[in-house]
Amino acid sequence: MRQFLLPFDAARPTTPIHLVDKATLPALLQDRVPEERDWAAACGFDGGAGELLLVPGADGTLAAAVFGLAATAPSRFAVGALATRLPAGDYRIEGGDVSGEDAALAFAMSAYRFKRYRSVGEASEEKPAARLMLADGVDLERIGRTLDAVELARDLINTPANDLGPEELAAAASDLFARHGGTTSVTVGDDLLEAGFPMVHAVGRASSRAPRLIDCRWGEEDHPKVSLIGKGVVFDTGGLDIKPASAMGLMKKDMGGAANVLALASMIMAARLPVRLRVVVPAVENAISGSAFRPGDVLPSRKGLSVEIGNTDAEGRLVLADALALADEEKPDLMIDMATLTGAARVALGPELPPFYTADEAFAARLATASEAVADPLWRLPLWAPYMSYLDSSIADINHINTRGAGFAGSVTAALFLSRFVENAGTWAHLDVYGWNPFERPGHPAGGEAQGIRALFSVLEERYPVG
């Protein structure tokens, strides 16, 4: 997505984009030549939110673009709509209450398109695009790190499961860490049992594609330990508690947690934050065969807790539990997991606002502030301890789903289940992300999405400053 941005160059010819609203449009037009005022009137342009006016020059070329923002609290990503609406050419923004960094991110993130499978006809052709010149003082390299990470997450999530199985996800993680000088180890198939990951093995054993535990490391050993854990379910049929067809169509995105932690890791390594980074991804396909795990089974876990299976379509928390237990063993300063975990989170907050959970009040406050500051929405939900009893089992240490209040607090009880596998980390946070835009919005094309990583990186950058 970097290719849609240009470094600041005052001498470079660019077409101005004037950002206005209904109140500021008259002042802009007053300074224009009569022909341009007449053109705006003839087009019925009044500066309304989302309206775009292309102003022709005397020689027939494009003299300027005028784009309407909301008069009050304009969306910081609204200008992203211009990335796909402007003719090819180089542009600069003038006016409007939008920061140069916000405008650049919005523009480039809106221009993203997943083209891996476009091989026939006009859709596959590389067409000239609109490019935005950065405002003076805006750091292209800093923005580029963010864009690279967002593009990585989107590309991984958008790739269908036939081309992104556990092996391919492991290769993507290994490639990323190798580029930054890190290392990756992968535990495969039945070796998971000997290595102490029984629930990862149980969930993934029914697939013809062997499950994996991906373990990546980067950074100096004496730096603070930061561990990221991502749910890597490359496809989820629901297992024996099979999903209906209407719920299975998007299940290629069930590795969205893994995609997001790898994207966050990309930002951390590119910025060279002084941390000892570890990324753990349990990569499995929740398939159906004679070896599939069953409702009512009792599984051992790495933590030593026995887990009764209430529903095989709640597999993500099982593989995460083994991965969390592993990362927790080395007592990281900060441990964050990300997962496309529950439909309940979407019922509560919708697709654009992922909930997060943590018992660390200071971290929660900082993450909420960062989320607002960088326009990367997150909302804290409680680790409500009384609901832990909803996970009671009559035959095992814990049931992995809510057994008492069916339909109640599904995202909260999932987070509480995960919390049972964390005891040594200085700070632990869980993000229940959706990883998908169901429809296009400025800055957010329909399809796979990075959620929460810009807010989390802002917190990490402050907590572990470079230099």
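If you read the sequence from its start, that first residue is 1, and numbering goes on from there. All figures in this text were calculated on a predicted structure; none of them were measured in a lab.
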Short question: side chain of His400, backbone of Asn311 - any donor-acceptor pair under 3.5 Å?
yes
* Arg278 side chain near Val226 side chain, heavy-atom distance below 4.5 Å -> no
### Task
Decide whether Ser411 and Tyr357 meet the rule of one side-chain donor and one side-chain acceptor closer than 3.5 Å.
yes
Q) Can you tell if the side chain of Val307 reaches within under 4.5 Å of the side chain of Phe417, non-hydrogen atoms only? A) yes
Evaluation steps, side-chain contact (heavy atoms from CB on, under 4.5 Å), between Ile288 and Thr312
CA-CA 10 Å; Ile288 300 172; Thr312 63; over 6 Å; no
Worksheet item: Should Arg317 and Met199 be marked as a side-chain contact (heavy atoms from CB on, under 4.5 Å) after you check the CA-CA gap, both sets of side-chain angles, and the distance that decides it?
Response: CA-CA 10 Å; Arg317 65 198 71 181; Met199 293 202 293; over 6 Å; no
For Ser291 and Arg205, the nearest pair of non-hydrogen atoms, with its separation, is O-NE, 2.6 Å
Notebook entry, point to check: Does one side chain, of Arg92 or Thr14, offer a donor that lies under 3.5 Å from an acceptor on the other?
Noted result: yes
Note: Ile157 and Trp436 closest approach over all heavy atoms is CG2-CE3, 3.9 Å
Residues passing the salt bridge (Lys or Arg N to Asp or Glu O under 4.0 Å) test with Asp297, sequence neighbours excluded, are Arg294
Applying salt bridge (Lys or Arg N to Asp or Glu O under 4.0 Å) to Glu194 and not counting sequence neighbours gives none
Could you go through Ile336 and Met338, starting from their C-alpha distance and side-chain angles, then the distance that decides it, and tell me whether this counts as side-chain contact (heavy atoms from CB on, under 4.5 Å)?
CA-CA 7 Å; Ile336 298 167; Met338 303 182 76; 4.3 Å; yes
Heavy-atom closest pair (Ala314 atom, Ile401 atom, distance to 0.1 Å) is CB-CG2, 3.6 Å
ask   = Between Thr369 (side chain) and Ala365 (backbone), is there a donor-acceptor pair under 3.5 Å?
value = yes
Note to self: Is a donor from one side chain sitting under 3.5 angstrom from an acceptor on the other, for Asp337 and His430?
What the structure shows: yes
Do the side chain of Thr413 and the main chain of Gly410 share a donor and acceptor less than 3.5 angstrom apart?
yes
Within a radius of less than 6.0 Å around CD of Glu221, do more than 12 heavy atoms belonging to other residues, nucleotides or ligands occur? no
* Keeping the roles fixed (side chain from Asp102, backbone from Arg76), state whether a donor-acceptor pair exists under 3.5 Å. => no
- Query: Between the side chains of Thr340 and Asp254, is a donor N or O closer than 3.5 angstrom to an acceptor N or O?
  - Reply: yes
Ion pair check, Glu220 and Arg276, cut-off under 4.0 Å:
no
- prompt: So, the side chain of Asp328 versus the backbone of Leu324: is there a donor-acceptor pair under 3.5 Å, distance only?
  reply: no
_More than 12 heavy atoms of other residues, nucleotides or ligands under 6.0 Å from CD of Glu372: yes or no?_
no
Donor-acceptor contacts under 3.5 Å from residues 164-191 side chains, at least two apart:
unit_1 : atom_1 : unit_2 : atom_2 : d
Glu168 : OE1    : Gly165 : N      : 2.8
Asp190 : OD1    : His201 : NE2    : 2.9

Donor-acceptor pair, side chain of Arg272 and main chain of Ile268, under 3.5 angstrom: no
| message | In the structure I gave you, are the side-chain heavy atoms of Glu352 and Arg441 within less than 4.5 Å of one another anywhere? | response | yes
In terms of heavy-atom contacts, Met335 and Ala327 come closest through SD-CB, 3.6 Å
Can we say Arg217 and Glu330 salt-bridge, meaning some charged N sits less than 4.0 Å from an Asp/Glu carboxylate O? yes
Review point. Are any side-chain N or O atoms of Asp333 and backbone N or O atoms of Pro224, one a donor and one an acceptor, separated by less than 3.5 Å?
Key: no
| request: May I ask you to say whether Asp90 pairs ionically with Arg131, meaning some side-chain N is under 4.0 Å from a carboxylate O? | output: yes
Nearest heavy-atom contact between Ala149 and Ile453 is CB-CD1, 4.1 Å
Salt bridge between Asp163 and Arg116, side-chain N to carboxylate O under 4.0 Å?
-> yes
- Query: Should Trp379 and Pro354 count as side-chain neighbours, where that means a heavy-atom distance under 4.5 Å?
  - Reply: no
Taking only Lys NZ, Arg NE, NH1 and NH2, and the carboxylate oxygens of Asp or Glu, determine whether Glu141 and Arg2 approach each other closer than 4.0 Å. yes
Tested for side chain to side chain contact (heavy atoms under 4.5 Å, CB included) against Leu326, the lone hit among Ile229, Asp215, Val200 is Asp215
Using the ring of Tyr434 (Phe, Tyr or Trp, six-membered ring only), decide whether Lys253 places NZ or CZ under 6.0 Å from its centre and within 45 degrees of its axis.
yes
**Asked** In terms of side-chain geometry, is the basic nitrogen of Glu285 or Arg212 positioned less than 4.0 Å from the acidic oxygen of its partner?
**Response** no
- Step by step, work out the side-chain contact (heavy atoms from CB on, under 4.5 Å) result for Ile143 and Glu101. CA-CA 7 Å; Ile143 290 178; Glu101 185 166 328; 3.8 Å; yes
message = For Asn158 and Tyr112, which I'm curious about, is there any donor-acceptor pair between the side chains at under 3.5 Å?
response = yes
Tested for side chain to side chain contact (heavy atoms under 4.5 Å, CB included) against Phe67, the lone hit among Leu53, Val20, Leu82 is Leu82
Side-chain ion pair, Lys231 and Glu315, N-O less than 4.0 Å: yes
Taking 4.0 angstrom as the limit, do Glu151 and Arg145 come out as a salt bridge?
-> no
In this structure, CG of Asn286 is separated from CG of Leu240 (nearest 0.5 Å) by 8.5 Å
Starting from the C-alpha separation in whole Å, work towards a yes-or-no answer on salt bridge (charged side-chain N to carboxylate O under 4.0 Å, His left out) for Glu461 and Arg142.
-> CA-CA 12 Å; Glu461 192 176 32; Arg142 177 182 173 83; 2.8 Å; yes
**Message:** So that I can tick it off, tell me whether Asp322 and Arg302 are bridged by a salt bridge, with the cut-off set at under 4.0 angstrom between side-chain N and carboxylate O.
**Reply:** no
Does Ser458 reach the side chain of Leu460, with side-chain heavy atoms less than 4.5 Å apart? no
On a heavy-atom basis, the closest approach of Pro295 and Asp241 is CG-OD2, 3.2 Å
| field | N/O donor-acceptor pair under 3.5 Å between Glu449 side chain and Val150 backbone | value | no
